[in-house]
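This report concerns only the one structure given below.
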2 protein chains.
Amino acid sequence: MKIADITRQALLDHATDVFAESGFEGASVREITRRASVNQAAINYHFGGKESLYRDVLRLAVAALSDASLLDENTIDSVSRDEAVRLFIRQQVTPLLKHGQIGRYLRIFAWETLAPTPVYRDFIASERLPIMDQAEKIVRRFLPAGAAGEDITIATIWLTQQVTPFIRHYDTLSKPPLSLKIDKGFIEQLAADLGRMAVAALSVRSTLSPDITAQDSSLLPVHNSRNMQRSKT
Amino acid sequence: MKIADITRQALLDHATDVFAESGFEGASVREITRRASVNQAAINYHFGGKESLYRDVLRLAVAALSDASLLDENTIDSVSRDEAVRLFIRQQVTPLLKHGQIGRYLRIFAWETLAPTPVYRDFIASERLPIMDQAEKIVRRFLPAGAAGEDITIATIWLTQQVTPFIRHYDTLSKPPLSLKIDKGFIEQLAADLGRMAVAALSVRSTLSPDITAQDSSLLPVHNSRNMQRSKT
DNA sequence: ATAGGTTTTAAACGGCTCTTTGAATTTCAA
DNA sequence: TTGAAATTCAAAGAGCCGTTTAAAACCTAT
């Protein structure tokens, strides 16, 4: 491996760290190059600027998330819809363990959902995020066939965002006063709990779902009521 | 009203905007003072610095969220647990409408959950956020009496984070290609859907909950299984 | 070994950041 | 009205930002 490739790789690696910690704007090229133990001008020489470096990190992120995916085009339809949800949740929870790997990428995307950078906008405009397609595919199996596009969008966003709070609250969980140990057992349980809750939540959106509680009669079964209840503005 | 109070109020108001848009670090005193049409030094004169201004904004935020709360100590226990969840969800969804009001505060807290500022850490260390207390109180009504503290924490975080994705994705929803109209009807429906899903999700955590779906036999009722399944590390 | 291209380095540039300063202005009470 | 206090203002200070530059060091192939 050429020496230039080593610094290039070091830059990508530490840039991922810093971008995950502070977001694109909050990250400084000085901090990145310092951690990578390379000269400050290295980013501009190897990548052409901070933005291009970030673009490459985003590219690696989607690639890594695709590789780590438990679901592909085939399995997503060959398993039960409940199992699909559980797999979808699990593939997002497990990165909490491997801290040096995919967890950083999820944090970068968390920054982008809060305040999208122009780089990110360009990025998703060109290549779609597979995670969104997966979520939509799964959601469609729960919603009625004639569900409105808005219903699907809302449910899709909802599903994709079920795990990210725990990515974001990683520090809250692992540090005092909670000091939870984020080990394999914890991850397993978290995946199981979240999967179960997600299945239950999506099931009430389905016309097939039974009444979910006996102690609240106002919870009538829903039949794609979205459009019926809109205000007539 | 004294003139000094007018600029002070203008600073607080526009600071809330900028902090909500860009977070604490991303916000600049130049931008705030420019929007407030006051001198750049005004923040330091009236508040003593950017940090103190932010502290005051946070103070106003928790106060406003408390005022806008549909739940207080009394009602949270006087209604059914399902109704409590729905009210909790609704009180967070409605700010999506009143853009100039509470929505900004929720966005500020969204920034803080992603990367807490020292100011925020100090802040919550002194006075607890009522929303967390509410969520925990509600969650406890769903979990078994002997539930582990970790289970409660996880479920509490989960409940508080059910709405924020939609606060964050406000632009995604309202702008092309979706271009959803965020009107009263939409908010009502969103609150209803999220409320129903949240109740369903929390119900499966309860020993009282019935089986929620017939097509997946692996979904057995759960009995506070968290501790039983932990790895023996 | 040497020439030629690649990579690294230190320094500087221009622009933005928050804060400080001291004078000019406005406000308000005597 | 006058004088002291409160407030506003323009300017400058000190520091970090991303980027550019040109010289130095390094590799590699002849």
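A, B, ... follow the sequence lines: proteins, then strands. Residue 1 opens every chain.
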I want to verify a distance call: between [options], whose nearest atom is closest to the [X] side chain?
| X | options | answer |
| --- | --- | --- |
| B:Lys50 | D:dC17, D:dA6, C:dC18 | C:dC18 |
| B:Tyr45 | D:dT7, D:dA12, D:dC17 | D:dT7 |
| A:His46 | C:dA12, C:dT8, C:dC18 | C:dT8 |

Distance check needed: [N] [atom2] versus [X] [atom1], whole Å only.
| X | N | atom1 | atom2 | value |
| --- | --- | --- | --- | --- |
| A:Glu31 | D:dT19 | CD | C1' | 18 Å |
| A:Gln9 | C:dT7 | CD | P | 15 Å |
| B:Arg34 | C:dC18 | CZ | P | 13 Å |
| B:Tyr54 | C:dT19 | OH | P | 15 Å |
| A:Ile43 | D:dC17 | CD1 | C1' | 12 Å |
| B:Arg8 | D:dT8 | CZ | P | 12 Å |
| A:Phe19 | D:dG18 | CZ | C1' | 12 Å |
| B:Ile6 | D:dA6 | CD1 | C1' | 15 Å |

Exercise for the section: Check the angle between the aromatic planes of B:Phe19 and B:Tyr54 and answer parallel, tilted or perpendicular using the 30° and 60° thresholds. Expected result: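 Perpendicular.
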
Handout entry: B:Lys50 to B:Phe24 six-membered ring, cation-pi geometry met (6.0 Å, 45°)
Key =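 Flagged: B:Lys50 positioned over aromatic ring of B:Phe24.
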
Could you write out each protein N or O paired with an N or O of nucleotides 20-25 of chain D at a distance under 3.5 Å?
none

Give a yes-or-no answer on whether the side chains of [X] and [Y] include a donor-acceptor pair shorter than 3.5 Å.
| X | Y | value |
| --- | --- | --- |
| B:Glu31 | B:Ser28 | no |
| A:Gln162 | A:Gln92 | no |
| A:Gln189 | A:Asp193 | yes |

Practice task
Could you check A:Thr117 against A:Glu25 for side chain to side chain donor-acceptor pair (under 3.5 Å), going step by step and ending with a plain yes or no?
Solution key: CA-CA 8 Å; A:Thr117 61; A:Glu25 326 247 311; over 6 Å; no

Exercise for the section: Please round to 10 degrees the angle between the axis of the first five pairs and the axis of the last five pairs in the helix from C:dG5-D:dC26 to C:dA30-D:dT1. Expected result: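 For the helix from C:dG5-D:dC26 to C:dA30-D:dT1, the axes at either end differ by 0°.
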
Exercise for the section: Return no unless some side-chain N or O of B:Thr7 is found under 4.0 Å from OP1 or OP2 of D:dT8. Expected result: yes

Handout entry: Derivation of the salt bridge (Lys or Arg N to Asp or Glu O under 4.0 Å) call for A:Arg107 and A:Glu21
Key = CA-CA 8 Å; A:Arg107 253 190 85 91; A:Glu21 290 172 15; over 6 Å; no

Problem - Side-chain heavy-atom pair A:Thr16, A:Leu60 within 4.5 angstrom cut-off - result: no

Handout entry: Side chains of B:Leu65 and B:Leu106 in contact at under 4.5 Å (non-hydrogen atoms)
Key =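 When only atoms from C-beta onward are counted, B:Leu106 and B:Leu65 do touch, with a gap below 4.5 Å.
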
